[in-house]
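The first residue of the sequence shown is numbered 1, and numbering continues consecutively from there. Please read all numbers here as calculations on a predicted model, not as lab measurements.
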Amino acid sequence: MEASTAAVVYDGQKQRFDLGVFVGDLPLDDDVASDNESLDGLQQELEDCKNDEEVANILANGIKLRDYTKGVENSIRQVELDSIQDYITESENLVLLHDQICDCDNILSQMETVLTGFQTEIGSISSEIKVLQEKSMDMGLKLKNRKAAESKLSKFVEDIIVPPRMIDIIVDGEVNDEYMRTLDILSKKIKFIEADSMVKSSKALKDVQPEVERLRQKAVSKIFEFVIQKFYALRKPKTNIQILQQSVLKYKYIIIFLKEHAKEIHAEVRTAYIDTMNKVLSAHFRAYIQALEKLQLDIATSTDLLGVETRTTGYLFSIGKEPLKARSSVFALGERINILKDIDQPALIPHIAEAKSQKYPYEVLFRSLQKLLIDTATSEYLFSDDFFGEESLFQDIFAGPIQVVDEYFNDVLLNCYDAIGIMLMIRIIHQHQLIMFRRRIPCLDSYLDKVNMSLWPRFKMVFDLHLNSLRNANIKTLWEDDVHPHYVTRRFAEFTASLVHLNVEYGDGQLDLNLDRLRMAIEDLLVKLAKMFPKPKLQTVFLINNYDLTIAILKEATSDGGKAQLHFEEVLKSNIAIYVEELLLEHFCDLIKFVKTRTCASSDKTSIVDVEPLVKDFASRWKAAIELMHKDVITSFSNFLCGMEILKAALTQLLLYYTRLTECVKRINGGSALNKDLVSISSILYEIKKYSRTF
């Protein structure tokens, strides 16, 4: 194969070199494919060496590769000769190193023999350890089983054995905290004997069971006597039941023990407590009611009604029997409202009140009795639940006390005609229901509902008596020749104001309807009484005075006075307008008739002759007429402020009439001739202001 050349580009110059220099003498007898592969490989190497710094320097300096190769071979040969010379120089050290290596090899061989022996011994020890491990596991399992057996056996022995100390406490010990703990232990032993099937098949049970049974019987007998003595202590006079109950609470485990291990004795204890407390509380409430009866102040009788004549009610003769202040409370609420503010106060102590010779309306006694009842019921309910663990026990205990209170309440309610007192009792019951709700004590819910349901029908019956007394009133006996407010009106106003005040926070719609019926009845009665006066003006004055009094009293009850006040204000306003017209007609009849029949539009048909007498008459006596009107108002109306308002309204209306008259005069032909007789509007206004200053 012929030598070929290749071109290499370096630093931008193209040079040619003999490829044979790199490859040497290639064999010429290879096949063409092999030559091609060699050339490709050589070409690849040239490409790889293109970036080699050394090759690049050689090419850059123009050194022939063959010469460079010979130089390199000479350098290698020289290095080889130097290395041989160094080896010869260090030959003794190398021999010494070889001997040391041989010695180390012998030592390592001996160590290998020793370690092989150790490995054999360790293998035998491992077998022995494995055997020991198996024995240890076997012994651990046996120990675990024995501990489990010991634990069960020790617990069995502990649960079934009866220690002498326990026998001494149960038989001879006093009932105290230690006795309670011992009872608990005895209870556990009894349950253990009864519940565990393994115990029943054990031989130890035959020895222990009789002893346990005798201890149970002894404990039951002892604690039964103890509890019964405690219960009987409640029957002693002047015993503080709540304090005694609190002292018994620490022995409540007695009841649990009896309930679990002596059901018949537990039933006897339960019955004994119910019977004891029923009788004790019934006696206490009966005695308390008897003491309260001495403090009762009767407010109203069946004749104390709104529409009944004063003389027929016997007030004149009853004043010596009861204070006049009490009689005034028949229709007025007054200080009786304070009972609702004192709702949480303790119950009355009768002997203290009796010593002070104090008397109270029935609602005060009612609140005191109900307060004592709910407090006692709360205490008893909590004790029964805590001591016996039975809420239902309360109903059996309180059946007697509630019956005693019910009988007294029904007797009093049957003869109660005090509508305000009944409404106060209704509100008291409502407050007591809220108190029990806040306490979360439901035991008196049905009782309080029943009392409330008893009070409402009685209130409705008494209210209807008042209503019918107005509807069926004897007008002739009630009428008095006096335009000032009638005493029936005052009764009605005070009665209505009292009920409105008691309904402010409750908004009872049924009560509002009843008050509307009562209002219509009093209006009808007042109209009938007014018609008894001969003059219409007196009739109007009578109605105004009564309506004004009613409004004033209703305003005291509530800020807005309610629907009744609004209605009476409208009626009063219309009657004042009627009175103003009647008063003006009395003094200025011709002027008013002229103004009403003649309008300004028809002034052309009016002559000076028609108006001249009116103008001169008014100018001559208007001040005197106003003074007479003032005196009439002052004497006619009880309420000075109301009278001044009416006078002011009358004078204002008079000014309007006179202004219309002057306008008609100005439109009449020749009317200017009357200007000297016309009273100036400013003069009339000045006179009105003068009376306003009086007001």
Self-check item: Minimum heavy-atom distance between Glu380 and Ile397, given as atom pair plus value
Solution: OE2-CD1, 3.4 Å
Exercise. Go through the steps for Asp275 and Arg235 under the test salt bridge (charged side-chain N to carboxylate O under 4.0 Å, His left out), then give the verdict.
Key: CA-CA 11 Å; Asp275 183 62; Arg235 299 185 180 184; 3.5 Å; yes
Quiz prompt | Closest approach of Arg367 to Ala347 (non-hydrogen atoms, all atoms of both residues) | solution = NH2-CA, 4.2 Å
Practice problem: Provide the full list of ring-ring contact (aromatic ring centres under 6.0 Å, His included) pairs with a residue in residues 215-243, sequence neighbours left out, each pair given once. | Solution: Phe226-Tyr251, Phe231-Tyr273
Quiz item: Taking NZ, NE, NH1 and NH2 as the nitrogens, is one of them in Asp512 or Arg519 under 4.0 Å from a carboxylate oxygen of the other?
Solution: no
Practice problem: Classify the side-chain pair Gln217/Glu213 by whether it contains a donor and acceptor separated by less than 3.5 Å. | Solution: yes
Practice problem: Evaluate the ring planes of Phe387 and Phe383, with Trp represented by its six-membered ring, and classify them as parallel (under 30°), tilted (30 to 60°) or perpendicular (over 60°). | Solution: parallel
Quiz item: Of all heavy-atom pairs between Ala493 and Leu554, which one has the smallest distance, and what is that distance?
Solution: O-CD2, 4.2 Å
Quiz prompt | Test applied, side chain to side chain contact (heavy atoms under 4.5 Å, CB included); reference residue, Val131; option that passes from Gln133, Lys135, Glu128 | solution = Lys135
Exercise. Can you label the angle between the Phe394 ring and the Tyr381 ring as parallel, tilted or perpendicular, going by 30° and 60°?
Key: perpendicular
Practice problem: Classify the angle between the aromatic ring planes of His430 and Tyr506 as parallel (below 30°), tilted (30 to 60°) or perpendicular (above 60°). | Solution: perpendicular
Practice problem: Report yes or no: do Asp418 and Tyr362 form a side-chain donor-acceptor pair below 3.5 Å? | Solution: no
Practice problem: Looking only at non-hydrogen atoms, find the nearest pair between Leu292 and Leu365 and report the distance. | Solution: O-CD1, 3.4 Å
Quiz prompt | Over-ring placement of Arg458 relative to Phe463, 6.0 Å and 45° cut-offs | solution = no
Self-check item: Pairing residues for Glu178 by the salt bridge (charged side-chain N to carboxylate O under 4.0 Å, His left out) criterion, not counting sequence neighbours
Solution: Arg165
Quiz item: Going by an N to O cut-off under 4.0 Å, is there a salt bridge joining Asp177 and Arg181?
Solution: no
Exercise. Would you list the pairs meeting salt bridge (charged side-chain N to carboxylate O under 4.0 Å, His left out) in which at least one residue belongs to residues 427-449, sequence neighbours left out?
Key: Asp375-Arg439
